[in-house]
Each structure stands twice: as C-alpha cells, then as structure tokens.
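These notes concern the structure reproduced below.
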Amino acid sequence: MSSSYIPISVEQLALSVLFIVINIVLSLGLKLGLAQSLIIASVRMVVQLLLIGYVLNWLFTLSHPFPVIALAIIMATIAGISSVNRTSRRFVGIYWRSLLSVFISSFLITNLTTLGIIQVQPWYDPQYFIPLLGMVLGNTLTGISLGLDRFMESLVNQRQKIETLLALGATRWEATHEEVKAAIRTGMIPMINSMMVMGIVSLPGMMTGQILAGANPLDAVRYQIIIIFAIASATALGTLGVVLLAWQALLNSSHQLCLDRLTK
C-alpha cells in the first residue's frame, strides 16, 4: 500500500465550493430559507479550519507544553459555552456548570488515552493531544447540550408530578431520578447510534483521514476504536456531570423544585 498522500491545491479546494453551491441552489429553488445560513456556516467553517490549521502547523514546530495547554483550554472553553447556547432555557450558574463538566470529562479522558493507552511521549505532543481532544470535545458538547436541555424541559413538563411527590414526602432525588436518567440517556443516544452503524454504514472521520494519508487500514481501525471508546466515555461523564449539577441547582437542599430560577 502506498504510504504517501495526494496534496490538495488551492484550485482543487476552490472546486469543492461547487458542492455547497448545489445546496444553496436547492434552498433557493425550493424556498427552504437556508441559503444565508449555508453561506455563513460555510465561510465560518473555512475560516475556522484555516486558522486552526495555521495554529497547529505552528504548534508542531514547538517543543513546549504551554502553547498546547493554552489552545486546549480555549477549545474546551468554547465547547462549554456552546453547549449552553444550544439549550432553550438558562439558569444562574449554568455556564460554569457546563464548563466544569466539559473540562473534567474531556481532559481526564484525553489524558488517559494519550498517556495510558497510546503512550504518547511527551504527553503534550500536539500531533496527538489536540486532534484527540477536539474529537472528544465535539461529541461531549453534543451530549451535554442534549442532556441539559432534556433535563430542564422535563422538570417544566413534569412540574405537577414532581411537586406532588415532594409534597407527599419524597426526597428531591426520589421525585426526579427518572428525569435525571432520561436526560443522561438522551445525551448518550447519538453516540450509541453512531457506534451501532460504524464500519458498516459509515467510516469514521479519523479512520478515513489516516487511510487517505497512507496509513495501514488495520492501524487506522485500531486508532479509531480507541478514540470512539474515549469519546463515548467522555460523553457519558460530561452528560452525567452537567445533569447532576443542574439537578443540584434546580432542586434545593430543602427538597423544593426551583423552576423560578429558569429563564426561557
């Protein structure tokens, strides 16, 4: 198997714009109202990817952990904020709870992966640490957002039942543990669904990228299995953490439901 890859020129990159033009034409023709969103999303995506490409190119030339840690903190912070921005409700302290869940789950799992399993030396090698962290963050963000939104909506929709249970002497956990479990399940389902069809219906991005770069397919598969298990673990931990922190914020120690703290 060839160990080289085909470099992409600027002209070839420009040609790929035709693919998104097809979407824009369809949106305009069918009056879907998505043309502006498609253009904005495409421009943002290109700019963001080019910026991170230049940053990573610069990081790969360094041998110091501080720039890598700084970039990792920025990435995790944006993920924590974005996960809240995708929810339909807010409460005081929701952002720091999301950030805490993102930081603990993503950094814990990424470090266990690079240090304990792949055994990268040094541990902060940006070639491994940043891409792995990015994949973990992207999926953890989705899990946290879905779980948090589902939990808050469940408290609102099940308010009468929960307050009745509390009035009858149930603890805050006894009255809401079903909502907590449903929220955590919601956050984890997309990852589980993705794992179910992986390798049969879809080829994961990391594996595909390695194969296109000339890696042995079996080596690429081993890497992909490791990162998928890491992503699943981080998603579960992040979703569990943020839902429990939201539970603690919206049900006080006197076993009262505090929906007045929620804003739409």
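Position 1 is the first residue of the sequence; numbering continues from there. All values derive from a computational prediction rather than experimental measurement. All heavy atoms count here, side chains included; hydrogens, waters and symmetry mates do not.
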Heavy atoms, side chains only, cut-off 4.5 Å: are [X] and [Y] in contact?
X      : Y      : answer
Leu71  : Leu59  : yes
Phe60  : Asp125 : no
Phe103 : Ile73  : yes
Ile52  : Gln48  : no
Ser98  : Ile81  : no
Trp247 : Trp173 : yes
Leu155 : Leu259 : yes
Trp58  : Pro67  : yes

Is the backbone N or O of [Y] less than 3.5 Å from a side-chain atom of [X], with the two atoms forming a donor-acceptor pair by type?
X      : Y      : value
Gln12  : Ser9   : yes
Asn139 : Ala232 : no
Thr239 : Ala236 : no
Thr87  : Arg89  : yes
Thr235 : Ile231 : yes
Ser82  : Ile78  : yes
Ser233 : Ala230 : no
Arg97  : Leu245 : yes
Thr164 : Gln160 : yes
Asn57  : Gly53  : no

- prompt: In terms of side-chain geometry, is the basic nitrogen of Glu179 or Lys161 positioned less than 4.0 Å from the acidic oxygen of its partner?
  reply: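 Between Lys161 and Glu179 there is a salt bridge, with a charged N closer than 4.0 Å to a carboxylate O.
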Let me confirm one number: the [atom1]-[atom2] distance from [X] to [Y], rounded to the nearest 0.5 Å.
X      : Y      : atom1 : atom2 : value
Tyr128 : Gln119 : OH    : CD    : 12.0 Å
Asn157 : Ile162 : CG    : CD1   : 9.5 Å
Ile24  : Ser37  : CD1   : OG    : 10.5 Å
Ile69  : Tyr124 : CD1   : OH    : 9.5 Å
Glu163 : Arg159 : CD    : CZ    : 4.5 Å
Ile94  : Leu99  : CD1   : CG    : 10.5 Å

Please say yes or no: joined through hydrophobic side-chain contacts below 4.5 Å, possibly via intermediate residues, are [X] and [Y] part of one cluster?
X      : Y      : value
Met191 : Leu108 : no
Ile144 : Met152 : yes
Leu34  : Leu30  : yes
Leu244 : Leu141 : no
Met195 : Val221 : yes

Nearest atoms (heavy-atom pairs only) where [X] meets [Y]:
X      : Y      : answer
Val120 : Leu115 : O-CD2, 4.4 Å
Cys258 : Asn252 : SG-ND2, 3.5 Å
Gly238 : Ser101 : O-CB, 3.6 Å
Val102 : Gly80  : CG2-CA, 3.8 Å
Leu38  : Ser27  : CD1-CB, 4.5 Å
Leu146 : Gly187 : CB-CA, 4.2 Å

| said: For Thr113 and Ile118: C-alpha separation, side-chain torsions, deciding distance, then whether side-chain contact (heavy atoms from CB on, under 4.5 Å) applies. | reply: CA-CA 6 Å; Thr113 303; Ile118 302 177; 4.0 Å; yes
Requested in this report: Could you walk me through whether Ile226 and Arg222 pass the side-chain contact (heavy atoms from CB on, under 4.5 Å) test, one step at a time?
Outcome: CA-CA 6 Å; Ile226 290 172; Arg222 293 188 187 103; 5.5 Å; no
Side chains of [Y] and [X]: any donor to acceptor distance under 3.5 Å?
X      : Y      : result
Asn85  : Tyr95  : yes
Ser154 : Arg150 : yes
Arg86  : Ser83  : no
Gln248 : Arg172 : no

Dump the intermediate steps for side-chain contact (heavy atoms from CB on, under 4.5 Å) on Val21 and Val25, then the final yes or no. CA-CA 6 Å; Val21 169; Val25 170; 4.1 Å; yes
- If the plane angle is over 60° it's perpendicular, under 30° parallel, otherwise tilted; pick one for Phe129 and Phe107.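 If you compare the ring of Phe129 with that of Phe107, the planes turn out tilted.
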Start with the C-alpha gap between Glu174 and Leu165, add the side-chain angles, then the distance that decides, and say whether side-chain contact (heavy atoms from CB on, under 4.5 Å) holds. CA-CA 8 Å; Glu174 290 171 338; Leu165 290 172; over 6 Å; no
